[in-house]
Amino acid sequence: MVNIDTALKFGDALIVIDVQNDFCPGGALPVENGDMVVPVLNRWISSALAKRVLIYASRDWHPIGHISFKEQGGPWPPHCIQDSDGARFHPNLQLPGSTIKVTKGIRFDQDQNSAFDQTGLVVKLRSDGIKRLWVGGLAEDVCVRATVLDGLKEGLEVVLIGNATRPITPEGGEKARLEMQNAGARCEKAE
Ligand code: VGL
Ligand code: ZN
């Protein structure tokens, strides 16, 4: 357990992964209780703003007929189509105008689950002086997992905000959490 008001320090960044309508109840690829991460993340966002800690937010942003869609032989129903309502951030997520957006899933020839995958994110984090990442969002067993593992590979300290993420399947979520922790991620809940 950490205290949300004292957790964030100079050299930290908050990264919110794919909190988009399509991953929330009623969306095209809904994560059970996916919208429950929103009030938790809003508290982290307001703490980050108070501490002048940078806020990053990734979004899944697929072209029509993306290679990851079932109709193309991929694993997922069509979701997060560029410029659709489903691709918008959840309407209650209070991202400030200063949020650094990371757009992924735009390649025609492959999927990008990690916010680090061919986005240039690591270069931006380094130039912003970031040493430690606090990660929350959706889905824990897909894009959160991939982002956390890549952040660790890049030599960053990574803290998963355990009550600010939800998996697509419970079994996948448990497996992902163990993988992330075994790879060196800390998992913290905060009040
Ligand atoms: C995601 C499935 C397909 C995610 C993205 O953001 O976790 N999951 N595309
Ligand atoms: Zn996707």
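Position 1 is the first residue of the sequence; numbering continues from there. Order of appearance sets the numbers: ligands from 1, and atoms from 1 within every ligand. Remember, it's a predicted structure, so these values are computed and weren't measured experimentally.
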Problem set entry | Salt bridge E140-R145, side-chain N to carboxylate O under 4.0 Å | no
For this session: Apply the test side chain to side chain contact (heavy atoms under 4.5 Å, CB included) to residues R59 and F89: give CA-CA distance (whole Å), side-chain angles for both, the deciding distance (0.1 Å), then the verdict.
Result: CA-CA 8 Å; R59 60 179 183 175; F89 291 118; 4.0 Å; yes
Exercise. Is it true that V19 and I15 fall in one hydrophobic cluster, defined by side-chain heavy atoms closer than 4.5 Å?
Worked result: no
For this session: Starting from atom 5 (C) of ligand 1, locate the nearest protein heavy atom and write down its residue, its atom name and how far away it is, to 0.1 Å.
Result: D60 OD2, 3.1 Å
For this session: Please answer whether the main-chain N or O of C80 pairs with a side-chain N or O of D22 as donor and acceptor at a distance below 3.5 Å.
Result: yes
Problem set entry | Test item, H79 contacting ligand 1 (heavy atom, 4.0 angstrom) | yes
For this session: Please lay out, stage by stage, how K153 and D150 fare under the test salt bridge (Lys or Arg N to Asp or Glu O under 4.0 Å).
Result: CA-CA 5 Å; K153 275 185 208 143; D150 276 355; 3.7 Å; yes
Exercise. Does H79 bring an N, O or S atom to under 2.8 Å of the Zn ion (ligand 2)?
Worked result: yes
For this session: Could you see which bit of V144 sits under 4.0 Å from ligand 1, with heavy atoms only: side chain, backbone, both or neither?
Result: neither
For this session: Report yes or no: does R177 contribute a side-chain atom to a donor-acceptor pair with the main-chain N or O of G162 at less than 3.5 Å?
Result: yes
Problem set entry | Contact atoms of ligand 1, heavy-atom distance to D18 under 4.0 Å | 4 (C), 6 (O)
Exercise. What are the atoms of ligand 1, with element, lying closer than 4.0 Å to any heavy atom of W76?
Worked result: 2 (C), 3 (C)
Exercise. Has D18 got an N/O/S atom less than 2.8 Å from the Zn ion (ligand 2)?
Worked result: no
Exercise. So, for H62 and F69, is the gap between ring centers shorter than 6.0 Å?
Worked result: yes
Exercise. What N/O/S atom of D60 is the closest to the Zn ion (ligand 2)?
Worked result: OD2
For this session: Identify whether the distance between the nearest side-chain nitrogen and carboxylate oxygen of D60 and K104 falls below 4.0 Å.
Result: yes
For this session: Starting from atom 4 (C) of ligand 1, locate the nearest protein heavy atom and write down its residue, its atom name and how far away it is, to 0.1 Å.
Result: C143 SG, 2.9 Å
Problem set entry | Presence of N, O or S from C80 under 2.8 Å of the Zn ion (ligand 2) | no
Problem set entry | Per-atom contacts of ligand 1 with F23, taking only distances under 4.0 Å to non-hydrogen atoms | 1 (C), 4 (C), 5 (C), 6 (O), 8 (N), 9 (N)
Exercise. Can you tell me which residue and heavy atom of the protein come closest to atom 7 (O) of ligand 1, and the distance to 0.1 Å?
Worked result: A139 N, 2.9 Å
For this session: In plain terms, say whether D85 and R88 are close enough for a salt bridge, that is, a side-chain N and a carboxylate O under 4.0 Å apart.
Result: yes
For this session: Look at atom 8 (N) of ligand 1 and say which protein heavy atom is nearest, naming residue and atom and giving the distance to 0.1 Å.
Result: V142 CG1, 3.5 Å
